[in-house]
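Worksheet for the structure shown next.
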Amino acid sequence: MAKESVELMVSTLADNWNRGNTEQRKPVIMDITTFDAGRGKRFDLNRNDGIFIYETAHNEEQPEIFYDFVHTRINLTIDIRTVRGRSRLMKLEDEVRRVIHLKRKGDADNFDRLLYKTRTDLSDRTKQLHRMTFQVEMVIFSELIA
């Protein structure tokens, strides 16, 4: 049974995370929809860095010839947050990028491609919050819709 896209991205990051690249610390990696209402805003960054993942778009493309299949493109947002400084944010960013590129060819069961698309720095230095979001696309080719 195929996993949901967000669950799959959470497990991909968690299973392939290398603590050696992030000062021997692993952030909390979770699906933001599993939080209680408002908890994402109250996550304690003093205890752990956080990586929150949510789906932002789900598109299907119909191939020209075969109408029983679709190509599915799922856009995910990966939201990294830390209060431990800009250098820590850069290490977390580098590790997320490393895992995405490591798994870019897919896992042959759940998805076929993982594409790193964009990065946005949303840091608020007045609050000492260092934050970066990534847009990642998970692609599934020729998914049977019958």
Kindly indicate, with the supporting measurements, whether the criterion side chain to side chain contact (heavy atoms under 4.5 Å, CB included) is fulfilled by Val99 and Thr12.
CA-CA 8 Å; Val99 173; Thr12 298; 4.0 Å; yes

Evaluate the side chain to side chain contact (heavy atoms under 4.5 Å, CB included) criterion for residues Leu89 and Ile80: first the C-alpha distance (whole Å), next the side-chain angles of each, then the deciding distance (0.1 Å), finally the verdict.
CA-CA 8 Å; Leu89 180 65; Ile80 303 172; 3.9 Å; yes

What do the steps show when you test Met138 against Leu8 for side chain to side chain contact (heavy atoms under 4.5 Å, CB included), and what is the final call?
CA-CA 10 Å; Met138 190 175 286; Leu8 186 58; 3.8 Å; yes

Go through it in stages, so that I can follow the logic: the residues are Lys117 and Phe134, the test is side chain to side chain contact (heavy atoms under 4.5 Å, CB included), and I'd like the CA-CA distance, side-chain angles, deciding distance and then a yes or no.
CA-CA 7 Å; Lys117 296 185 83 170; Phe134 297 91; over 6 Å; no

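The cluster map of Ile, Leu, Val, Met, Phe, Trp and Tyr, joined by side-chain heavy atoms under 4.5 Å apart, puts Val136 and Phe141 in different clusters. Grouping the Ile, Leu, Val, Met, Phe, Trp and Tyr side chains by contacts below 4.5 angstrom, directly or via other members, places Met30 apart from Met132. No chain of hydrophobic side-chain contacts below 4.5 Å, direct or via other Ile, Leu, Val, Met, Phe, Trp or Tyr residues, connects Leu102 to Leu92. Taking hydrophobic clusters as Ile, Leu, Val, Met, Phe, Trp and Tyr residues chained together by side-chain heavy-atom distances below 4.5 Å, Leu13 does not share a cluster with Leu115.
Looking at Leu76 and Val6, their side chains come closer than 4.5 Å, going by heavy atoms from C-beta outward. Side chains of Arg88 and Arg25 form a contact here, defined as non-hydrogen atoms less than 4.5 Å apart. Contact check for Asn21 versus Asp94: no side-chain heavy atoms found under the 4.5 Å cut-off. With contacts defined as side-chain heavy-atom distances shorter than 4.5 Å, the pair His71/Val139 does not qualify.
Atom-to-atom distance recorded for Glu93:CD and Arg86:CZ is 8.0 Å, nearest 0.5 angstrom. Expressed to the nearest 0.5 Å, how far CD1 of Ile100 lies from CD of Glu137 amounts to 12.0 Å. A distance of 6.5 Å separates CG in Asp68 from CG in Leu144, rounded to the nearest 0.5 Å. Taken from CD1 in Ile78 to CZ in Arg97, the straight-line distance is 12.0 Å, to the nearest 0.5 Å. In this structure, CD1 in Ile145 is found 7.0 Å from CD in Glu60, a value given to the nearest 0.5 Å. Interatomic distance, OG of Ser87 versus NE2 of His130, reported as 8.5 Å (0.5 Å rounding).
Judged purely by distance below 3.5 Å, without hydrogens or angles, the side chains of Glu95 and Thr22 never pair a donor atom with an acceptor atom.
The minimum heavy-atom distance between Gln24 and Gly20, with the atom names listed, is NE2-CA, 3.4 Å. Contact record, Pro27 with Gly50: CB-N, 4.4 Å, taken as the closest heavy-atom pair. In plain terms, the two heavy atoms of Ser123 and Arg131 that are nearest each other are OG-N, 3.1 Å. Across Lys103 and Leu114, no two heavy atoms sit closer than the pair O-CB, 3.7 Å.
Across Val28, Val10, Asp79, Ile29, a single residue satisfies side chain to side chain contact (heavy atoms under 4.5 Å, CB included) together with Ile51, and that is Ile29.
In this structure, Tyr116 and His101 have tilted ring planes: the angle between them lies in the 30° to 60° band.
Surrounding CZ of Arg125 are more than 12 heavy atoms belonging to other residues, nucleotides or ligands, all under 6.0 Å away.
Using a cutoff of 4.0 Å between basic side-chain nitrogens and carboxylate oxygens, Asp112 and Arg104 are not scored as salt-bridged. Contact check on Asp49 versus Arg81 returns no salt bridge, with no Lys/Arg side-chain nitrogen under 4.0 Å from an Asp/Glu carboxylate oxygen.
The main-chain N or O of Gln128 is never found under 3.5 Å from a side-chain atom of Asp124 such that the two would form a donor-acceptor pair. Formation of a donor-acceptor pair under 3.5 Å by the Arg84 side chain with backbone atoms of Asn46 is found in this model.
A distance below 6.0 Å separates the ring centres of Phe52 and Phe43.
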